[in-house]
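The next block holds one structure in the form of structure tokens; read it before the comments.
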Amino acid sequence: EEIMSNVKNEKEHDCKILKLLFNLIEKPSFEQRSMILNSCIQFTKFVGPIYVNNYLLPLCWELLNDKSEEKRMLIAEACSILAPHIYNEIRNSLLFSILKQIVELENSEQVRICAVKSLSILINYLKDEQKFIQV
């Protein structure tokens, strides 16, 4: 029971760290977004794809509606950066859905451009031919 409590606390700690990382800068510049994304890659390599699926990707989904255009750009860029480090099923479903939603619904041209660039990278990792047709 004590071990399970410690594991739960560690998971909550990881989630808080990720939220802090993504919310560290209100309107991150290109260089700052690159720094945040590099940190995400290091986190991903350290904890593995299960944690990315459980903590990082839900955070990305949550920030899709952030008022900051720069944070939405960060989310679009994160989808392509994380693609090689997560399970194929997640790439085909969640990452693709996030980028598709941005392209279809986003008002900001800059954010849509980031999403299209990320989609062009993501498609190299997709195994589902139906996704190619949708693109």
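The structure displayed is predicted, hence computed values, not measured ones. FYI, the numbering just counts along the sequence from 1. Heavy atoms only: backbone and side chains are in, while hydrogens, waters and symmetry mates are out.
Here the side chain of Arg91 pairs a donor or acceptor atom with the backbone of Ile86 at under 3.5 angstrom. Using a distance-only test at 3.5 Å, with no hydrogens or angles considered, no donor-acceptor pair links the side chain of Arg72 to the main chain of Leu63. Checked by atom type and distance alone, the side chain of Asn53 never pairs as donor or acceptor with a backbone atom of Pro49 at under 3.5 Å. Remark: the backbone N or O of Glu26 is paired with a side-chain donor or acceptor of Ser68 at under 3.5 angstrom. The backbone N or O of Glu106 lies less than 3.5 Å from a partner atom in the side chain of Arg112, making a donor-acceptor pair. Checked by atom type and distance alone, the side chain of Ser80 never pairs as donor or acceptor with a backbone atom of Ala76 at under 3.5 Å.
Between Phe22 and Leu74, the shortest heavy-atom distance links the atoms CD2-CD2, 3.4 Å. The two residues Cys60 and Ile75 make their nearest non-hydrogen contact at O-CG2, 3.6 Å.
Counting heavy atoms from C-beta on, the side chains of Val52 and His85 never come closer than 4.5 Å. At a threshold of 4.5 Å between non-hydrogen side-chain atoms, the residues Tyr87 and Asn92 do not count as touching. Inter-residue side-chain proximity for Phe96 and Cys79 is flagged as unmet; no heavy-atom pair is nearer than 4.5 Å. Looking only at side-chain heavy atoms (C-beta outward), Val47 and Tyr55 stay at 4.5 Å or farther from each other.
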Output, in order, the C-alpha distance, side-chain angles, deciding distance and verdict of salt bridge (Lys or Arg N to Asp or Glu O under 4.0 Å) for Glu70 and Arg33. CA-CA 8 Å; Glu70 293 83 359; Arg33 290 194 312 271; over 6 Å; no
Trace of the side-chain contact (heavy atoms from CB on, under 4.5 Å) decision for Ile25 with Lys71: CA-CA 9 Å; Ile25 302 164; Lys71 283 210 184 136; over 6 Å; no
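Note: the hydrophobic cluster containing Leu21 also contains Ile41 (ILVMFWY, side chain heavy atoms under 4.5 Å, direct or indirect links). Cluster annotation: Phe46 is connected to Leu37 through the hydrophobic network of ILVMFWY side chains, with a link wherever side-chain heavy atoms come within less than 4.5 Å. Residues Ile36 and Leu20 do not share a hydrophobic cluster, clusters being chains of Ile/Leu/Val/Met/Phe/Trp/Tyr side chains in contact below 4.5 Å. Both Leu24 and Phe43 belong to a common hydrophobic cluster when Ile, Leu, Val, Met, Phe, Trp and Tyr are linked at side-chain heavy-atom distances under 4.5 angstrom. A single hydrophobic cluster is seen to contain both Leu18 and Ile90, as judged by linkage of ILVMFWY side chains at heavy-atom distances under 4.5 Å, directly or through other members.
Rounding to the nearest 0.5 Å places NZ of Lys100 at 10.5 Å from CG of Leu119. The line from OG of Ser118 to CE of Met73 is 10.0 Å long, rounded to the nearest 0.5 Å.
More than 12 non-hydrogen atoms from other residues, nucleotides or ligands lie less than 6.0 angstrom from CG of Leu105.
Screening Ile98, Ile81, Leu82, Leu95 for a side chain to side chain contact (heavy atoms under 4.5 Å, CB included) with Leu122, the sole residue that qualifies is Leu95. The only member of Asn65, Leu64, Leu59 that meets side chain to side chain contact (heavy atoms under 4.5 Å, CB included) when paired with Trp61 is Leu64.
Between the side chains of Gln32 and Ser29, at least one donor N or O sits under 3.5 Å from an acceptor N or O.
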